[in-house]
There are 2 protein chains.
Amino acid sequence: MTRRDEVLAVAEAVLEAEGPDALTMRRLADEMGMQAPSLYKHVRGKEDIEAGLQERALRALGEAIAPAGGGLLELATAYRVWALAHPRLYGLATGRPLHREALTPGLETATAAPLLAIVGGDEHRARALWALVHGLVDLEIARRFPPGADLDRTWRTALEVFSRPA
Amino acid sequence: MTRRDEVLAVAEAVLEAEGPDALTMRRLADEMGMQAPSLYKHVRGKEDIEAGLQERALRALGEAIAPAGGGLLELATAYRVWALAHPRLYGLATGRPLHREALTPGLETATAAPLLAIVGGDEHRARALWALVHGLVDLEIARRFPPGADLDRTWRTALEVFSRPA
DNA sequence: ACCTGAACACCGTTCAAGT
DNA sequence: ACCTGAACACCGTTCAAGT
């Protein structure tokens, strides 16, 4: 556990518990018992922290959906459950451009592998499926569906459309 | 054109041209030839400005997709074109909770009407379609698809899945 | 190698005061 | 009714200085 990883762990906890506004350099420093300028000895800046959180998010999401049994429903459910359990982290990893240059090579592909596998290796269908699942999760996290909407049913309907054979 | 609407028009222009970080009270005041505290005579605060921008976004998006001919492809294309032309405004209106209490009554429903119509009035299918289209647009705006991805083809594939009869 | 205090150029917002 | 200057409690980041 390097000092940088400690910063990232604290950052993830603060982000998830109190939201992006609470994720400030001064707050992280405080949490680690140091002054804000000292953070820059362990981390390049706030962008660097966000890049690190994206890496952690992809890794965790990938692990969450990988062991899901072969079915589309299982995969989608695992995706949904993880995203709803880590909404801010999920948003950080999908709602803005990836810091790809800072990512462990192959991580992006590895995370997406279960999606690709379930559509038989067709990358276009995999992207369409990703968009569907991401859209559902994103709108649910942002509470953008109408207040009374039955989201379980929305998910079921959406997945039925996708599982219908070509 | 009330003074509040002037603020919103300036805010939209700044947001779309330079991104959310440029959207500051001081910048807006400057653009209008006044000091930052004076803005509070025309607008309740930054939240109020964001609520006003959401209203403008929904109205404009609704107008953009309403006249699209009956086809799913036309509707989805109009949605995509508008969103890509106003990416930050689109994000403001879909990437965070709606300030529903500040919205013109019926606007949310009116904006969604074309989506609902095209699936024959089935609200669950309408939400699934919205999630799909939103997911595609959101990931495209955030440049989250792999660098070389053929997004036109992704859209085509996604819409084919949806148009297949039940 | 790691940490500090002071500083710089910013934020959103409040408030007394002016016209 | 509208605008201002000063102020408050914040930001991210740099830098000289200490150990």
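In what follows, chains are A, B, ... by sequence order, proteins preceding strands, each numbered from 1. Source: prediction; values computed, not measured.
- Between the CG atom of B/Leu39 and the C1' atom of D/dG5 there is a distance of 15 Å, given to the nearest Å.
- If you check C/dT4, D/dG5, D/dG12 against the side chain of A/Thr24, the one that comes closest is D/dG12.
- Following rounding to the nearest Å, B/Leu28 (CG) and C/dT13 (P) show an atom-to-atom distance of 11 Å.
- Distances from the side chain of B/Met34 to the nucleotides C/dT4, D/dG5, D/dC3 place D/dC3 closest.
- Phosphate proximity of D/dC2 to B/Arg4: absent, as no side-chain N or O sits under 4.0 Å from OP1 or OP2.
- In this structure, A/Asp30 atom CG and C/dT4 atom C1' are separated by 15 Å, rounded to whole Å.
- Counting to the nearest Å, the P atom of C/dT4 and the CE atom of A/Met25 are 14 Å from each other.
- A donor-acceptor pair under 3.5 Å links the side-chain atoms of B/His86 to the main chain of B/Trp82, judged by distance alone.
- Between the OH atom of A/Tyr40 and the P atom of C/dA7 there is a distance of 19 Å, rounded to whole Å.
- Between A/Arg59 and A/Glu55 a salt bridge is recorded (basic side-chain N to carboxylate O distance below 4.0 Å).
- A salt bridge does not link B/Asp150 to B/Arg156: none of the charged nitrogens lies less than 4.0 Å from a carboxylate oxygen.
- For B/Glu123 and B/Arg127, the salt-bridge test passes: some basic side-chain N is under 4.0 Å from an acidic carboxylate O.
- One interatomic measurement links the two molecules: CD of B/Gln35 to P of D/dT4, which rounds to 5 Å at whole-angstrom precision.
- Using a 4.0 Å heavy-atom criterion, one finds that B/Ser38 contacts the bases of the nucleic acid, with or without backbone contacts as well.
- Checked against D/dC3, D/dG5, C/dG12, the side chain of B/Lys46 finds its nearest nucleotide in C/dG12.
- Of all nucleotides present, none satisfies the Watson-Crick or G-U wobble test against D/dC10 with each distance under 3.5 Å.
- With both pairing distances under 3.5 Å, D/dC15 is matched to C/dG5 as a Watson-Crick or G-U wobble pair.
- Residue B/His42 has no polar side-chain atom (N or O) positioned under 4.0 Å from OP1 or OP2 of D/dA1.
- What separates NZ of A/Lys41 from C1' of D/dT13 is a distance of 13 Å, to the nearest Å.
- As rounded to whole Å, 24 Å separates atom P of D/dC11 from atom CZ of B/Arg27.
- Here A/Leu23 lies in heavy-atom contact (under 4.0 Å) with sugar-phosphate atoms only.
- The main-chain N or O of B/Val10 is never found under 3.5 Å from a side-chain atom of B/Glu31 such that the two would form a donor-acceptor pair.
- Residues B/Pro37 and A/Pro37 each lie close to DNA chain D; by heavy-atom proximity, the contact nearer the 5' end of the strand is made by B/Pro37.
- Across all strands, A/Arg26 comes closer than 4.0 Å to base atoms (heavy-atom distances).
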